[in-house]
> 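Here it is: the structure, laid out below.
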Amino acid sequence: MLLRQVADAHHQLELVWADGGYTGSLVEYCLAVLALVLAIVKRSDDMRGFVVLPKRWIIERLFAHLMRIRRLARDYERRTTSAEAMVYWSMILLMTRRLARSRPQPA
């Protein structure tokens, strides 16, 4: 249901990355009904310990940024709108820090 809503809202979306748990009929459904390519990011069976998976580190980094704002580490919010506002606040903080970073001047 979520993929259908995203596909309806964002018509230019063509590729969606998903965890290995979403293999099966969902891949064919996305291609046939939603015209989306569902790429499954799988972990190899011979890997031991922590291994960075392709594209998955992007989501893990996002969660790390959100958890840095301590209020988002627990469900303190009673309403989803205030939790959403905290996520926006966290991302604004992240982006302003990135924009304020000093960049080396070209020679």
Side-chain angles (χ1 to χ4, degrees):
M1 189 165 57
L2 178 65
L3 283 173
R4 181 181 297 278
Q5 290 175 355
V6 169
D8 290 343
H10 304 282
H11 300 290
Q12 294 180 347
L13 185 65
E14 297 175 359
L15 174 66
V16 176
W17 289 298
D19 191 60
Y22 294 100
T23 58
S25 62
L26 184 61
V27 176
E28 291 84 21
Y29 173 80
C30 284
L31 191 58
V33 177
L34 304 175
L36 291 175
V37 175
L38 187 66
I40 305 297
V41 179
K42 292 185 179 180
R43 178 185 168 121
S44 176
D45 291 335
D46 60 344
M47 292 182 193
R48 300 195 66 106
F50 177 77
V51 178
V52 177
L53 297 176
K55 302 299 178 188
R56 182 146 181 190
W57 66 271
I58 298 169
I59 301 301
E60 298 296 334
R61 184 181 61 187
L62 171 70
F63 288 151
H65 288 305
L66 291 175
M67 291 304 119
R68 204 173 343 165
I69 305 299
R70 298 262 182 206
R71 191 164 168 174
L72 292 172
R74 303 281 186 268
D75 288 330
Y76 292 128
E77 312 304 328
R78 290 186 181 186
R79 300 173 50 143
T80 56
T81 53
S82 58
E84 181 183 3
M86 294 304 294
V87 170
Y88 284 134
W89 177 52
S90 174
M91 291 294 103
I92 289 169
L93 182 65
L94 173 68
M95 293 309 295
T96 54
R97 285 183 180 168
R98 285 184 180 176
L99 288 171
R101 238 188 262 163
S102 62
R103 295 188 180 109
Q105 297 297 325

> Report the residues that fulfil side-chain hydrogen bond (donor to acceptor under 3.5 Å, both in side chains) with T23, sequence neighbours left out, ordered by chain and then residue number.
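None.
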
> Taking atom NE2 of H10 and atom CG of L36, what is their separation to the nearest 0.5 Å?
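Rounded to the nearest 0.5 Å, the NE2-CG separation comes to 11.5 Å.
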
> Is the number of heavy atoms from other residues, nucleotides or ligands within 6.0 Å of CZ (R98) greater than 12?
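Yes - once you tally the heavy atoms of other residues, nucleotides and ligands closer than 6.0 Å, there are more than 12.
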
> Roughly how far, to the nearest 0.5 Å, is the CG atom of L31 from the CG atom of L26?
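Nearest 0.5 Å value for the CG-CG distance: 11.0 Å.
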
> Please say yes or no: joined through hydrophobic side-chain contacts below 4.5 Å, possibly via intermediate residues, are W17 and L3 part of one cluster?
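Different hydrophobic clusters.
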
> What pairs with E28 under salt bridge (charged side-chain N to carboxylate O under 4.0 Å, His left out), at least two apart in sequence or on another chain?
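Partners of E28 under the salt bridge (charged side-chain N to carboxylate O under 4.0 Å, His left out) test: none.
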
> Please check if L2 and V87 belong to a single hydrophobic cluster, counting links between Ile, Leu, Val, Met, Phe, Trp and Tyr side chain heavy atoms closer than 4.5 Å.
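The answer is no; the residues belong to distinct hydrophobic clusters.
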
> Report, as yes or no, whether the 6.0 Å neighbourhood of atom CZ on R97 holds more than 12 heavy atoms from other residues, nucleotides or ligands.
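It does not: R97 CZ has 12 such atoms or fewer within range.
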
> Keeping T96 on the side-chain end and I92 on the backbone end, is there a donor-acceptor pair under 3.5 Å?
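At least one qualifying donor-acceptor pair exists.
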
> Quick one: pull up CZ in R68 and OG in S90 and give me the separation to the nearest 0.5 Å.
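Rounded to the nearest 0.5 Å, the CZ-OG separation comes out at 7.5 Å.
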
> Would you say that more than 12 heavy atoms from the other residues, nucleotides or ligands in this model lie under 6.0 Å from the CD of E14, or not?
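Result for CD/E14: open.
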
> How long is the gap from CG on L62 to CE on M91, to the nearest 0.5 Å?
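Going from the CG atom of L62 to the CE atom of M91 covers 5.0 Å.
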
> Are M1 and Y29 linked, directly or through intermediate hydrophobic residues, by side-chain heavy-atom contacts shorter than 4.5 Å (ILVMFWY only)?
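In one cluster with Y29: M1, no.
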
> According to a hydrophobic-cluster definition based on side-chain heavy atoms being under 4.5 Å apart (Ile, Leu, Val, Met, Phe, Trp, Tyr only), do V6 and I40 belong together?
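Yes, it is one cluster - the side chains of V6 and I40 are joined through contacts under 4.5 Å.
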
> Which heavy-atom pair separates V16 from L13 by the least distance, and what is that distance?
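Of all heavy-atom pairs spanning V16 and L13, the closest is CG2-CD2, 4.1 Å.
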
